[in-house]
Structures are given as C-alpha cells and as structure tokens.
Asker: 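Here it is: the structure, laid out below.
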Amino acid sequence: MPPQSFSRLPGFRDFVPGELALRNHVFETWRRVSTRYGFHEYDGPPLEPLGLYVEKSGEEIVEQLYNFDDKGGRPVALRPEMTPTLARILAERSRGMPKPIRWFSLPQLFRYERSQRGRLREHFQLNVDIVGESGVAADAEVLAVAVDAVRGLGLGEDDFVARVNDRRLVTRVLTALGVAADRHQDCLAVIDKASRAGADATDAKLRALGLDEVATETLGGLIADGTWEHMSQRFARAPSVLEAMRPLAEHRAILDAMGLGGYVEFDFTVVRGLAYYTGIVFELFDRAGELRAICGGGRYDRLLELVGGEPLPAVGFGMGDVVLAELLRDRGLVPPEAPACDCWIVWVGDGERDLGMSLAHRLRASGYRVMYSLRPQGLGKQLKAANRAGAAYAVIIGPDEAASASATVRDLNTGIQDTRPIESLIESGLAGDHGIAAGSGTSPSLRGGRPEQEEA
RNA sequence: GUGGGCGUAGCUCAGUCGGUUAGAGCGCCGGAUUGUGGUUCCGGAGGUCGCCGGUUCGAAUCCGGUCGCCCACCCCA
C-alpha cells in the first residue's frame, strides 16, 4: 500500500480505453450528424466569469456551480452549460456574421451537486444552436438534429421520443383560464414538476398560486392527458389558444415531411425549467421511461440581447452523454472494442529480430498497426499474443524466410498462410494478390475500424 | 443540503449463531508447447473484508462515526 492513496473526485469519471471508445463512438456520431446538417463546431473556455451564470439564473445557482476565486481575485466558475458561453461569444462577434448561424459544440460541463444515476458532476454535452432565425423551420431543424444524433447511435422509434410543447401556448392557456401574468412563471414551474409531484400535490400548488377551481381542474386535466386532441377539444372556442397552437402544428408538419414524425409527440407538461426559453421547447426521453431526459432544448429569443449582443432569435438543445450511454448499454448498442493491431510480427530466433524490426517499421510506415513481443518468446507464445491482440495477420520470420528475404504471412482468422518476398509485402500489402482475408479495398489504416451503424 | 440502502480479490459474488489460516467463478501471470494461435489441462500471484474507533477472550460478522457508491428528495444545464 502506498503511504497515501488518491481516489477520483466524487461524480467524476475515468475513461479507460474501453470506456473512452464508447465516448468517442458517441462523439463521432454527434459530429457526423451535426456536420451533415451544415453546422460548424466551436468551443470556448471551460472556465467563465461567475457572473455569466448568476446574471441569468440568480444567486441560488451558485450552490450548483463549481466556482471559486482565481488568484487574481476574480469570481469564476467551471461552465455548467454552454448556452451562456455561446451567447457571450456571439454578443461580441455576431454582427459581422451571415445569418442564420449554425454552430455546435461538445463541451465538458460541470456542476457541484450530489451525483445520482444519469447525473454526475461532470459530463459532456452536444450543443446545437441556430441563431438569427425566428421561423419555426429552425425549431424543426434543430429537433431533427437531436433526433438524428440519437438515431445515429442505433436507437429507433421504439427506444426514444421527443416531447414537444410551446411556452407561448402554455401562456395563452393560462391567460385564457384567467391566471394573472405575474403568476405564469410559477405555474410553469408547477407544470414542469407535475409528473413527479403527483396530481393531488399539483392541484394544491396551483390553488396556492391563487388559481380558481376551473383553472386548477383544467390544468390538472391537461397535465394528466396533455395530448394535442385534448387541447384542441378543450379550447375549441378559445381562438387565442388555437392560434397559439399553429406554430407547433407547422413544426410537426415539417418533421412529418422529413419522416421523423414518429419520434415527435406533443406534451403539455414539457415546459423546461430554465427561465430563458421563449417558444417551442422539447425534451427527448427513453420510451420505457426508465431514465431521466436524454436531451432538452428550445427557443430562447431574448438571451443574446440580455448578455449585450444584438437582439437575435435563437433555438438550440443540449444532449448529455451520461444518460445516452446508459441507454446504449441497456439496449446492447455499445460497439465491441476494436482491435488496436492489424499485424503481429513473429520471429523464431534472435537472428531474425533485426529483420523483424525492419519489417515492422516499414509496415507501420505504410499505415498498418503493427506489434510484436517485446521480449524473446517461443513461436507459440508469440502467436497467442497476436491472437489476443486481435491482429488479422501474423508475419513470421524464421531462418528459412530470412535466408530468402521473405516472410510467412498467416491469416489468423482462416489459418491460411503463404510465404512471400518481403519487398512484395511492402508493395502490395499483407493481403497481397491472393486475397487472403480479402480486404474490402479500404486503406490499411482504416482496417479494423468499428462497424458503422448507419441509419436508413 | 436531507432521508434510505449498500461497501469482501481486477470483475461478479458466497461467507451459517461472533470462533482456527476469508472462498468460488471469471480475469491476470506462468507451464504443458524451442517453427504455428484460439480449445483443454496443471500451477501461481492477488484481500488491512472501504476507513477510524468501540464492545468482546475473539469481529468480515455486533455498535458508533466517517468516506464512497446507489436510490429518492432538492435542483435541473
């Protein structure tokens, strides 16, 4: 035992190769999908002025932040979300940029709170935003990215769903029910928590906010059955509410046209906790309802103005890696770990070692991932190691091969082997002209890559 | 920050009423095998029973504290 042992900080993760492979798999999918929609990747500092968050969310958020004073006495915080950073960056430089701005980022985010399933003190998040476009097509576009980012990992309609709502619609409903405007924010908070709090507690909270019997009952009904049909029927004679349903209808029509309608459901209880949302909001959930939200986002048309930028409408989302990884594990969608080796060099005696080193280096130079035993071992041992490393080929050099400047290439999947001149190995590759374990024509460096899971 | 559950080998776990030297499977290392891998067989290493304290002749086991993990709350980015 060392005199002192250091453990991980609570809520933080180590990424050993197997786990980093999953993280990279998720990142690669996120990047592939985001760039497919024409988004540009950006990043910002992981440390920001504390005020950037306090300004927008109030003093109580400090309790949830990793914050401290730096050596210059500046109050700072590890970023808990990316949107304020994006707003800050764009406030400085959006004026000269062509609109709409399509940016995405994969920041590591931090919060100081007790960790639980799907919620750590550190996580990575895909952030995708469109800034400078107020039309509902931008809302649909962003949601499509979110859906495809999850689909790209192999999850389908049976696995997850996007629940969509519109804050303006909820506001209209509240107004139609006679709820005073200064109570709207509080009502949103109650609706947000309704599914966890239960019907009775929710009713009690609404009454406590001064809502009358009809308003409480109506909201309770919408919370219990927050479907589009229910809304339409209940407010059939309230033109202001019907009008407020139009953007969502168009939003839905666009996603239907994309073929993503099966992933989208209206849900009156999705309002999002953050104060800065102003329009359509959404969350992605696993269908089984076992996990917390995979993703959340919506429209925030005032935020850039609030941090001193030009007044630009914006819509975006954040999708965390933790819940998503849980879901992938549950559904058996974690790709098997790819071998790190294409070819294992085997030599029989000390006399062939230098030839082996030379060949190893030349094969590496041409893009193969090459390994060999770092200490003298018997032939059987070396092949065992080659097999364990997942190598596709073993290249064997013994006195016979050395004498003729050749090597024996053994296909470790089939056991077929063939002795060929070393120069020919370098020139035409290990598969050679014989089609041993016939490659698909990809370059050696791509061999052994993880199987892609392409959506249809 | 609050409440509850759980901490035994790298992993998953067993361990009787408090009783001798704490076990299994998997994994790891070595050997069977000095020109041919995967299977098999044999052997080995690895534990302060999370940590600290208490009760006891004796603690993995009982009690208290503490740390960590999990679950719920709070909060939700």
Side-chain angles (χ1 to χ4, degrees), chain A residues 1 4-13 16 18 48 52-53 56-58 60-66 77-86 107-127 189 192-193 196-197 201 270-277 281 283 290 292-298 300 303 316-323 326 344 346-352 373 376-402 407-417 419:
Chain A
M1 276 294 260
Q4 195 180 4
S5 67
F6 299 99
S7 52
R8 248 184 358 251
L9 253 23
F12 285 79
R13 296 171 288 175
V16 296
E48 291 275 16
L52 183 60
Y53 307 112
K56 296 292 99 48
S57 314
E60 64 277 12
I61 195 128
V62 176
E63 295 304 312
Q64 310 268 353
L65 290 175
Y66 247 104
L78 288 166
R79 60 187 176 196
E81 56 167 331
M82 199 57 176
T83 307
T85 296
L86 174 66
Q108 187 174 26
L109 305 177
F110 306 85
R111 55 190 154 211
Y112 195 90
E113 61 176 7
R114 182 168 283 193
S115 58
Q116 46 188 298
R117 180 165 155 109
R119 204 114 195 263
L120 306 172
R121 287 185 172 178
E122 150 274 321
H123 69 141
F124 291 89
Q125 207 181 56
L126 169 64
N127 268 250
D192 185 38
K193 293 181 176 66
R196 295 182 293 272
V270 171
V271 296
R272 307 285 297 150
L274 279 186
Y276 56 60
Y277 289 111
V281 291
E283 292 182 343
E290 292 160 353
R292 57 183 71 238
I294 301 165
C295 167
Y300 53 97
L303 187 60
F317 69 82
M319 178 183 297
D321 70 315
V322 179
V323 174
E326 299 252 8
W344 195 279
V346 174
W347 56 88
V348 176
D350 288 347
E352 293 87 52
S373 299
Q377 283 182 319
L379 185 60
K381 259 290 161 48
Q382 294 183 66
L383 284 167
K384 198 185 194 102
N387 187 64
R388 196 201 298 230
Y393 300 100
V395 175
I396 303 164
I397 304 172
D400 299 343
E401 287 89 349
T408 298
V409 179
R410 180 178 179 83
D411 183 317
L412 291 172
N413 295 313
T414 63
I416 295 169
Q417 61 183 43
T419 302

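In what follows, every chain begins at residue 1, and chains take the letters A, B, ... in the order their sequences are listed.
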Asker: Sticking with atom C1', work out how far B/rG25 lies from B/rU21, rounded to a whole angstrom.
Answerer: 22 Å
Asker: Could you list, one pair per line, each protein nitrogen or oxygen that sits under 3.5 Å from a nitrogen or oxygen of nucleotides 1-3 of chain B, together with the distance?
Answerer:
from  : atom 1 : to       : atom 2 : distance (Å)
B/rU2 : O4     : A/Arg114 : NH1    : 2.9

Asker: Rounded to the Å, how far apart are A/Leu109 CG and B/rC75 P?
Answerer: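 Nearest whole value for this atom pair: 21 Å.
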Asker: Can you list the residues that meet the side-chain contact (heavy atoms from CB on, under 4.5 Å) rule with A/Pro376, with sequence neighbours excluded?
Answerer: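 For A/Pro376 there are no side-chain contact (heavy atoms from CB on, under 4.5 Å) partners, ignoring immediate neighbours.
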Asker: So, does A/Lys193 get its side chain near the phosphate of B/rC76, meaning an N or O under 4.0 Å from OP1 or OP2?
Answerer: yes
Asker: Output all residues satisfying salt bridge (charged side-chain N to carboxylate O under 4.0 Å, His left out) with A/Glu326, sequence neighbours left out; order by chain, then residue number.
Answerer: A/Arg117
Asker: Only counting residues at least two apart or in another chain, list the ones meeting ring-ring contact (aromatic ring centres under 6.0 Å, His included) with A/Trp344.
Answerer: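 For A/Trp344 there are no ring-ring contact (aromatic ring centres under 6.0 Å, His included) partners, ignoring immediate neighbours.
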Asker: Ignoring hydrogens and angles, tell me if any N or O in the side chain of A/Asn127 forms a donor-acceptor pair with the backbone of A/Gly318 under 3.5 Å.
Answerer: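 No; judged by distance alone, with no hydrogens or angles, the pair does not exist.
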Asker: Identify, with sequence neighbours excluded, every residue that meets side-chain contact (heavy atoms from CB on, under 4.5 Å) alongside A/Glu401.
Answerer: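 A/Ile397, A/Ser406, A/Thr408, A/Thr419.
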Asker: Can you list everything that forms a ring-ring contact (aromatic ring centres under 6.0 Å, His included) with A/Phe317? Sequence neighbours excluded, please.
Answerer: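 By the ring-ring contact (aromatic ring centres under 6.0 Å, His included) rule, A/Phe317 matches no residue at all.
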Asker: P atom, B/rG3 versus B/rA77: distance in rounded Å?
Answerer: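 That atom pair is separated by 27 Å.
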Asker: Tell me the interatomic distance from A/His123, atom NE2, to B/rC75, atom C1', rounded to whole angstroms.
Answerer: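 Going from NE2 in A/His123 over to C1' in B/rC75 covers 13 Å.
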Asker: Rounded to the nearest Å, what distance is computed from the CG atom of residue A/Leu120 to the C1' atom of nucleotide B/rA77?
Answerer: 14 Å
Asker: Residues in side chain to side chain donor-acceptor pair (under 3.5 Å) with A/Arg292, at least two apart?
Answerer: A/Gln116
Asker: Starting at CD of A/Gln64 and ending at C1' of B/rC76, how long is that distance when rounded to a whole Å?
Answerer: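 So the two atoms are 7 Å apart, to the nearest Å.
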Asker: May I have the distance from A/Glu48 (atom CD) to B/rA77 (atom P), rounded to whole angstrom?
Answerer: 19 Å
Asker: Give the rounded distance in Å between these two atoms: CG of A/Leu78 and P of B/rA77.
Answerer: 19 Å
Asker: Sticking with atom C1', work out how far B/rA60 lies from B/rC6, rounded to a whole angstrom.
Answerer: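 Between the two C1' atoms, the distance is 15 Å.
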Asker: Under 4.0 Å, counting only non-hydrogen atoms across every strand here, what does A/Gln382 touch: a base, just sugar-phosphate, or nothing?
Answerer: nothing
Asker: When rounded to the nearest Å, what value does the distance between C1' atoms of B/rA9 and B/rC52 take?
Answerer: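 Nearest-Å result for B/rA9 against B/rC52 at atom C1': 23 Å.
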Asker: Please report the distance, rounded to the nearest Å, between OH in A/Tyr66 and C1' in B/rA77.
Answerer: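 Value for this atom pair: 16 Å.
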Asker: Both A/Phe12 and A/Arg79 contact RNA chain B. Taking the nearest nucleotide for each, which residue is further toward the 5' end?
Answerer: A/Phe12
Asker: Could you give the distance separating B/rG30 and B/rC67 at their P atoms, to the nearest angstrom?
Answerer: 42 Å
Asker: Using atom P in both nucleotides, what's the gap between B/rU55 and B/rC17 to the nearest angstrom?
Answerer: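 Straight-line distance between the two P atoms is 25 Å.
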Asker: Tell me what A/Ser115 touches on the nucleic acid: a base, only sugar-phosphate, or nothing, going by heavy atoms under 4.0 Å.
Answerer: sugar-phosphate
Asker: If you measure from the P atom in B/rG18 to the same atom in B/rG64, how many Å do you get, rounded?
Answerer: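 B/rG18 and B/rG64 have their P atoms separated by 16 Å.
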Asker: Under a cut-off of 3.5 Å for both distances of each Watson-Crick or G-U pair, what dot-bracket string does RNA chain B give, using [ ] for crossing pairs and | for inter-strand pairs?
Answerer: (((((((..((((.....[...)))).(((((.......))))).....(((((..]....))))))))))))....
Asker: Please identify each residue that fulfils salt bridge (charged side-chain N to carboxylate O under 4.0 Å, His left out) with A/Glu113, with sequence neighbours left out.
Answerer: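 Applying salt bridge (charged side-chain N to carboxylate O under 4.0 Å, His left out) to A/Glu113 gives A/Arg111, A/Arg119.
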Asker: Rounding to the closest angstrom, what is the interatomic distance between B/rC26 and B/rG43 at atom P?
Answerer: 14 Å
Asker: What contact category does A/Gly11 fall into here, base, sugar-phosphate, or nothing, at under 4.0 angstrom with non-hydrogen atoms?
Answerer: sugar-phosphate
Asker: For the side chain of A/Arg111 and the base of B/rC76, is some donor closer than 3.5 Å to an acceptor across the two?
Answerer: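 There is none.
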Asker: Listed by chain and number, what are the side-chain contact (heavy atoms from CB on, under 4.5 Å) partners of A/Lys381, not counting sequence neighbours?
Answerer: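 For A/Lys381, the residues satisfying side-chain contact (heavy atoms from CB on, under 4.5 Å) (neighbours in sequence not counted) are A/Gln377.
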Asker: Under the criterion side chain to side chain contact (heavy atoms under 4.5 Å, CB included), I'd like the reasoning laid out for A/Gln382 against A/Lys384: C-alpha separation, chi angles, the key distance, then a yes or no.
Answerer: CA-CA 5 Å; A/Gln382 294 183 66; A/Lys384 198 185 194 102; over 6 Å; no
Asker: Excluding sequence neighbours, so at least two apart, what forms ring-ring contact (aromatic ring centres under 6.0 Å, His included) with A/Phe110?
Answerer: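 Partners of A/Phe110 by the ring-ring contact (aromatic ring centres under 6.0 Å, His included) criterion come out as none, since no residue qualifies.
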Asker: If a protein heavy atom is under 4.0 Å from the base, mark B; if only from the sugar-phosphate, S; if neither, -; do that for nucleotides 28-37 of chain B going 5' to 3'.
Answerer: SSSS---BBB
Asker: For the residue pair A/Tyr277 and A/Leu303, establish whether any side-chain heavy-atom pair is separated by less than 4.5 Å.
Answerer: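 No, too far: nothing below the 4.5 Å cut-off.
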Asker: Okay, side chain of A/Glu283, backbone of A/Val270: is any donor-acceptor separation there less than 3.5 Å?
Answerer: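 Checking the backbone N and O of A/Val270 against the side chain of A/Glu283, no donor-acceptor pair under 3.5 Å is found.
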Asker: Find the distance A/Arg121:CZ to B/rC75:P and express it as a whole number of Å.
Answerer: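 It is 18 Å, rounded to the nearest whole Å.
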